[in-house]
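It should be emphasised that the depicted structure is a prediction, and the values quoted were computed from it without experimental measurement. In this chain, numbering begins with 1 at the start of the sequence shown.
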Amino acid sequence: RVDLVESGGGSVQAGGSLRLSCASSDYHVAGNYLAWFRQAPGKDREGVAAIYTAPNTRTYYADSVKDRFTITPDNAKNTAYLQMDSLSPEDTAIYYCASGRGYGKWYPALKIYLNITSWGQGTQVTVSS
């Protein structure tokens, strides 16, 4: 079992910023990915961003957040951060961190295969207009 600890989120006005963090016990395991998904009321869960954490680092972003969201790794803390800038009400959702390996299900928004083995508890992000 992979331990994931999420934090961050909250409420902000349109144009503002928030930062999410996700700490993983599998952060340094070869082939590990951390990914963020979000689910708005009445909508399917969608991939937002992902980072390949070991042995090197590579990031992936959905087109809807590219150039607004940035993943920053902190290898010493086994943590990745999702910096979310220029937020809009359309970004309002519960955001979930997930851990997995790069095979299995194809996630077209992220353009990666991901076999998710653990989910975080989720954190609410609310953007008001």
Give me the atom names and distance for the closest heavy-atom approach of [X] to [Y].
X: Ile71; Y: Ala80; result: CG2-CB, 4.2 Å
X: Gly47; Y: Ala62; result: O-CB, 3.6 Å
X: Asp85; Y: Ser17; result: OD1-OG, 2.7 Å
X: Ile116; Y: Ala98; result: CG2-CB, 3.8 Å
X: Leu4; Y: Ser118; result: CD1-O, 3.5 Å
X: Gly104; Y: Tyr113; result: O-CD2, 3.3 Å

Any side-chain heavy-atom pair of [X] and [Y] under 4.5 Å:
X: Asp91; Y: Arg68; value: yes
X: Leu87; Y: Phe69; value: yes
X: Thr117; Y: Asn115; value: yes

If we ignore hydrogens and angles and just use 3.5 Å, is the side chain of [X] paired with the main-chain N or O of [Y] as donor and acceptor?
X: Thr92; Y: Val127; result: yes
X: Ser25; Y: Asp3; result: yes
X: Thr79; Y: Lys77; result: yes
X: Glu6; Y: Gln121; result: yes
X: Tyr52; Y: Ala54; result: yes
X: Ser21; Y: Tyr81; result: no

Below 30° counts as parallel, above 60° as perpendicular, anything between as tilted: where do the rings of Trp119 and Tyr96 land?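 Answer is perpendicular, since the angle exceeds 60°.
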Once the angle between the rings of Tyr107 and Phe37 is folded into 0 to 90°, is it parallel (under 30°), tilted (30 to 60°) or perpendicular (over 60°)?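 Tyr107 vs Phe37 ring planes: perpendicular.
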Same cluster or not: [X] versus [Y], using hydrophobic residues (I, L, V, M, F, W, Y) connected whenever any side-chain heavy atoms lie under 4.5 Å apart?
X: Val12; Y: Val48; result: yes
X: Tyr27; Y: Ile112; result: no
X: Tyr60; Y: Ile51; result: no

Enter the distance from [X]:[atom1] to [Y]:[atom2] here, rounded to the nearest 0.5 Å.
X: Thr70; Y: Gln83; atom1: OG1; atom2: CD; result: 7.0 Å
X: Leu110; Y: Glu46; atom1: CG; atom2: CD; result: 9.5 Å
X: Tyr33; Y: Tyr103; atom1: OH; atom2: OH; result: 12.0 Å

Quick check with a 6.0 Å cut-off and a 45 degree axis cone: is Arg38 positioned over the face of Tyr95's six-membered ring?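 The answer is no; the distance or angle limit is not met.
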Val125 and Leu18: CA distance, side-chain angles, deciding distance, side-chain contact (heavy atoms from CB on, under 4.5 Å) verdict: CA-CA 8 Å; Val125 170; Leu18 288 171; 3.8 Å; yes
So for atom [atom1], which belongs to [X], do other residues, nucleotides or ligands contribute more than 12 heavy atoms lying within a distance under 6.0 Å?
X: Asn56; atom1: CG; answer: yes
X: Arg58; atom1: CZ; answer: no
X: Lys111; atom1: NZ; answer: yes
X: Gln13; atom1: CD; answer: no

Taking atom types as modelled, is there a side-chain donor on [X] or [Y] under 3.5 Å from an acceptor on the other?
X: Ser99; Y: Asn32; answer: yes
X: Asn78; Y: Ser24; answer: no
X: Asn75; Y: His28; answer: no

Option from Leu34, Thr57, Thr59 for which side-chain contact (heavy atoms from CB on, under 4.5 Å) with Pro73 holds: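 In the set Leu34, Thr57, Thr59, the residue that makes a side-chain contact (heavy atoms from CB on, under 4.5 Å) with Pro73 is Thr57.
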Applying disulfide bond (SG atoms under 2.5 Å apart) as the test, list every pair that has at least one member in residues 26-56; sequence neighbours left out.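 Non-adjacent pairs meeting disulfide bond (SG atoms under 2.5 Å apart): zero.
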Look at Asp26 together with Arg101 and state whether they make a salt bridge at an N to O cut-off of under 4.0 Å.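 Arg101 and Asp26: salt-bridged.
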